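The sequence lines fix the lettering, A, B, ..., with proteins before strands; numbering per chain opens at 1. Computed from a predicted structure; not experimentally measured.
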Amino acid sequence: MNRYKELWRRILAETLSARTGRKVEESEIVTEVPPRPELGDLAFPLFPFAKSLRKSPKDVALELAAALRERAAEGRGVAEAAGPYLNVRLERPRVIAEVVRDVLAQGGGFGANGELAGQRVVVEFSSPNTNKPLHLGHMRNDAIGMAVARMLEACGAEVLRVNLINDRGIHICKSMLAYRRFGEGRTPESLGQKSDHLVGDYYVRYAKWAVEDPGAEAQAQALLLAWEQGDPEVRELWGTMNRWAIEGINQTYRKTGVRFDKVYRESETYLLGRAEILAGLERGVFQRDPDGSVWVDLTAQGLDRKVLLRSDGTSLYVTQDVGTAVQRHRDWPFNRQIYVVGNEQRYHFQVLFKVLALLGHAWAENLHHLAYGMVTLPEGMGKMKSREGTAVDADELVADLERLAVEQIRSKEREAEVEDLPGTAEKIALGALHYYLLAPSPYKDMVFDPNESISFTGATGPYLQYTGARISSMRRKFAERAESFRGGEFRAELLSAPEEWELAKSMAAFPDTVAQAARELNPALLATHLFELARTYASYYHDHPVLHNEDSALVVSRIRLAEAVRQVLACGMALIGVPFLEKM
RNA sequence: GCGUCCAUAGCUCAGUCCGGAUAGAGCAACAGCCUUCUAAGCUGUGGGUCGCAGGUUCGAGUCCUGCUGGACGCGCCA
């Protein structure tokens, strides 16, 4: 839609410049969409020009409408006055023809643009700990990370998906300690259990034990010390349990379509972080306290004094993150780096970015914390504490959604039609999950209602999938009956229903939404746009037969329009991780 | 105590960055629609002091100030 908007902006700026006797910039022209389609397709409020023209906005609109009459052909539409607004009514058949042609010609590439061409962007997301399986919070993180990565790619950027595995520290030692104490040599194989769940069970076991035994904490500390000193037995146990955790987590990633181009481990970068901090100390940007700890003073910048190295010389979370960032920029010099991390860590990232800047890394100003809100359960369903074993487990949740999808397919008696029941159920489950997690703005806390997420009515992933499957089905039927529609040609002027115009506008605006979503790092804009497109289409095909028409030109015209809708849905769904289904 | 973020329909959320026409969806509720391209659908009805009070503006859900309520942060934890 932008191309038409920009076209009229220019036309209006030229006309207004001539009338006001000063150069009116295109940026001064405010564009909107009229509140009701009958009013036109583009709207330009004229309040700002009333003063300089010494006329009421209403009269300005009337005069402009008259003056713009001769530019209708150029602008593919006519301008009319509507109160204080100048509204433009586009020439529908011409625009519909352009949109359908563009969508079908560009196929899977529709919506892409070159806005970020040549940019290299790192997107870090997921960042699991190796002491427990993934939970619902990770799934929101993953959904956002994957969607943002794909959106940036759609805008031409080269994206590196990066995972940072938190595989060291006291919390990791806790599950190791509990396993050593209570595990009796059990393995995932001996138990027939998914390996990350085994590790997670001992993390929960530790928490229970620590309540009874006040000495537990000290033992965990001792184990961490042994780990840092490289005790072979401890390192071996650590290696085994880490492998279990990571293998299990990777299974979940494969299941949910999450992938990374590069994986970093904190155990591999914390030493570089320490070296960086010591270099900063030498350059005088940090200070050492009498007890040996190293500090950065950010009070001048509205933050606090923060410790960067402990008095015993060991590193902290922020130290590791410094090392990781430096390592990454060496490995793959990026223009931007986006950290998808919960909003409770806002302060941490402010500090991190300032510390990196103080260390003299120019790229520090191109780091961005994409802070997303907490996911909670509805009232009465409890808090998600992985320590207590009450977190919503990712694997379980996906399995539950799949079960419900199977039930739905059976109850609709679609089992024979879909052919691959488990595969279809899996895709519906992922569509439901990803759509639900991406629909609210990332920065806001959200309530995850398991029942609502799997409900198949309303603004959901399955609704998009259903719309796509219906069109796909219709398309197959069209191909089967191709003979009877022979000779029919696409003619945009046959697509004169108001809904057909709404569909064309929605499709024309899709590339703008992709660009905006990428600019704002907000996949929710896409989720909303796709739902509205699907809803308009559902309403349209309910009372406008596509194949059941005498006029084969009308059939062909409508099927092309429907195919374009299908294509736009497919493009958008791919971006937000909702699998497209030919049949459901 | 200090800082950051949030508050829109019974519920879950768009709209706020960048101020413009009677504030929109979905769910739930109620009433309809399957000899017709998949009823996981479609149509209609009811439902809002945009947390409160000021201010700026021709115009405020949107910007500014104060207040109230909530979440998070302010560890030699991650």
Side-chain angles (χ1 to χ4, degrees), chain A residues 27 30 32 34-36 39 43-48 50-51 56-57 82-85 87 127 129 166 168-172 266 289 291-295 302-304 306-321 342-348 350 371 373-374 376 378-379 405 408-409 411-414 417 428 436 439-441 443-449 451-452 455-460 462-463 465-467 469-478 481 520 524-525 527-528 531-532 535 538-549 555 558-559 562 583-584:
Chain A
S27 58
V30 176
E32 304 174 26
R36 289 186 309 282
L39 290 170
F44 303 90
L46 297 171
F47 305 94
K51 210 168 258 178
S56 72
Y85 292 83
N87 291 344
S127 313
N129 294 337
N166 188 331
R168 63 168 293 279
I170 186 82
H171 51 297
I172 306 300
E266 290 193 344
D289 271 15
D291 65 359
S293 54
V294 178
W295 295 74
L303 302 174
D304 298 309
K306 298 290 294 183
V307 68
L308 299 175
L309 280 180
R310 291 193 185 97
S311 45
D312 65 1
T314 59
S315 37
L316 290 95
Y317 181 46
V318 65
T319 327
Q320 292 166 180
D321 270 2
N343 63 14
E344 71 276 7
Q345 294 195 35
R346 277 202 152 104
Y347 190 78
H348 166 75
Q350 284 183 35
M374 218 172 4
T376 51
E379 196 73 25
Q408 284 292 322
I409 293 167
S411 72
K412 304 282 171 200
E413 295 175 358
R414 303 285 303 167
E417 180 72 19
I428 292 171
Y436 197 89
S441 299
Y443 72 97
K444 282 196 174 177
D445 291 348
M446 71 174 285
V447 175
F448 183 87
D449 185 335
N451 297 317
E452 193 177 296
S455 120
F456 296 115
T457 56
T460 65
Y463 180 84
Q465 292 172 317
Y466 177 67
T467 309
R470 289 286 299 268
I471 302 175
S472 301
S473 165
M474 185 190 292
R475 194 172 176 234
R476 287 191 295 272
K477 292 200 158 88
F478 175 79
R481 303 176 202 164
E520 298 180 14
L525 301 180
T528 304
F531 173 66
E532 268 157 22
R535 192 163 48 108
S539 163
Y540 161 67
Y541 85 156
H542 184 264
D543 25 51
H544 293 80
V546 175
L547 300 179
H548 298 172
N549 283 300
V555 171
R558 286 190 173 165
I559 199 84
K583 297 177 176 178
M584 75 184 278

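Across all strands, A:Ala50 comes closer than 4.0 Å to no nucleic acid atom at all (heavy-atom distances). Contact annotation for A:Asn87: base contact, defined as any heavy-atom pair under 4.0 Å involving a base atom. Among the protein residues, A:Ser455 comes within range of no part of the nucleic acid, since none of its heavy atoms lies under 4.0 Å from any strand. Among the atoms of the strands shown, base atoms are found under 4.0 Å from some heavy atom of A:Tyr317. A:Glu520 comes within 4.0 angstrom of a base, heavy atoms only.
Comparing B:G61 with B:C74, their P atoms are spaced 37 Å from each other, to the whole Å. On the P atoms, B:G51 is 15 Å away from B:C13, given to the nearest whole Å. Atom P of B:U62 sits at a distance of 16 Å from the matching atom of B:U57, rounded to the whole Å. Taking atom P on both nucleotides, B:G69 is separated from B:U49 by 22 Å, rounded to a whole Å. Remark: the separation of the C1' atoms in B:C17 and B:C6 is 16 Å, to the nearest Å. Straight-line distance between the P atoms of B:C52 and B:A9: roughly 10 Å, to the nearest whole Å.
When each of B:A25, B:U12, B:A21 is scored by its nearest atom to the side-chain atoms of A:Val447, the top-ranked nucleotide is B:U12. When distances run from any side-chain atom of A:Lys444 to the nucleotides B:U4, B:G15, B:A7, the shortest one goes to B:A7. Listed nucleotides B:A78, B:A71, B:C27 differ in distance to A:Glu452; the shortest reach to its side chain belongs to B:C27. The listed nucleotides are B:C13, B:C58, B:A25; the one nearest the side chain of A:Pro440 is B:C13.
The structure places CD of A:Glu266 at 4.0 Å from CD of A:Gln320, a figure rounded to the nearest 0.5 Å.
Base pairing annotation: B:A23 forms no Watson-Crick or G-U wobble pair, as no partner gives both donor-acceptor distances under 3.5 Å. In this structure, B:U38 forms no base pair with any nucleotide, since neither Watson-Crick nor G-U wobble geometry is met with both distances under 3.5 Å.
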**OP:** For the pair A:Asn166 and A:Tyr317, evaluate side-chain hydrogen bond (donor to acceptor under 3.5 Å, both in side chains) and give the outcome as yes or no after the intermediate values.
**Re:** CA-CA 10 Å; A:Asn166 188 331; A:Tyr317 181 46; over 6 Å; no

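With A:Ser539 contributing its side chain and A:Arg535 its backbone, the two residues share no donor-acceptor pair below 3.5 Å.
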Using nucleotides 34-41 of chain B, report all nitrogen or oxygen pairs with the protein that are shorter than 3.5 Å.
from  : atom 1 : to       : atom 2 : distance (Å)
B:U36 : O2'    : A:His548 : ND1    : 3.0
B:C37 : O3'    : A:Lys477 : NZ     : 3.4
B:C37 : O2     : A:Leu547 : N      : 3.1
B:C37 : N3     : A:Val546 : N      : 3.0
B:C37 : N4     : A:Tyr541 : O      : 2.6
B:C37 : N4     : A:His544 : O      : 3.0
B:U38 : OP1    : A:Ser473 : OG     : 3.1
B:U38 : OP2    : A:Ser473 : OG     : 3.4
B:U38 : OP2    : A:Lys477 : NZ     : 2.9
B:U38 : O2'    : A:Tyr466 : OH     : 2.2
B:U38 : O2'    : A:Arg470 : NE     : 3.4
B:U38 : O2'    : A:Arg470 : NH1    : 2.7
B:U38 : O2     : A:Arg414 : NE     : 3.3
B:U38 : N3     : A:Arg414 : NH2    : 2.9
B:U38 : N3     : A:Met584 : O      : 2.7
B:U38 : O4     : A:Met584 : N      : 3.0
B:U38 : O4     : A:Met584 : O      : 3.1
B:A39 : OP2    : A:Arg470 : NH1    : 2.9
B:A39 : OP2    : A:Arg470 : NH2    : 3.0
B:A40 : OP2    : A:Lys412 : NZ     : 2.6
B:A40 : O3'    : A:Phe456 : O      : 3.1
B:G41 : OP1    : A:Phe456 : O      : 3.4

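When rounded to the nearest whole Å, the span between OH of A:Tyr347 and P of B:G75 equals 7 Å. Regarding A:Leu525, its CG atom lies at a distance of 13 Å from the C1' atom of B:U16, rounded to whole Å. When the P atom of B:C6 is taken as reference, atom CE of A:Met374 falls 14 Å away, rounded to whole Å.
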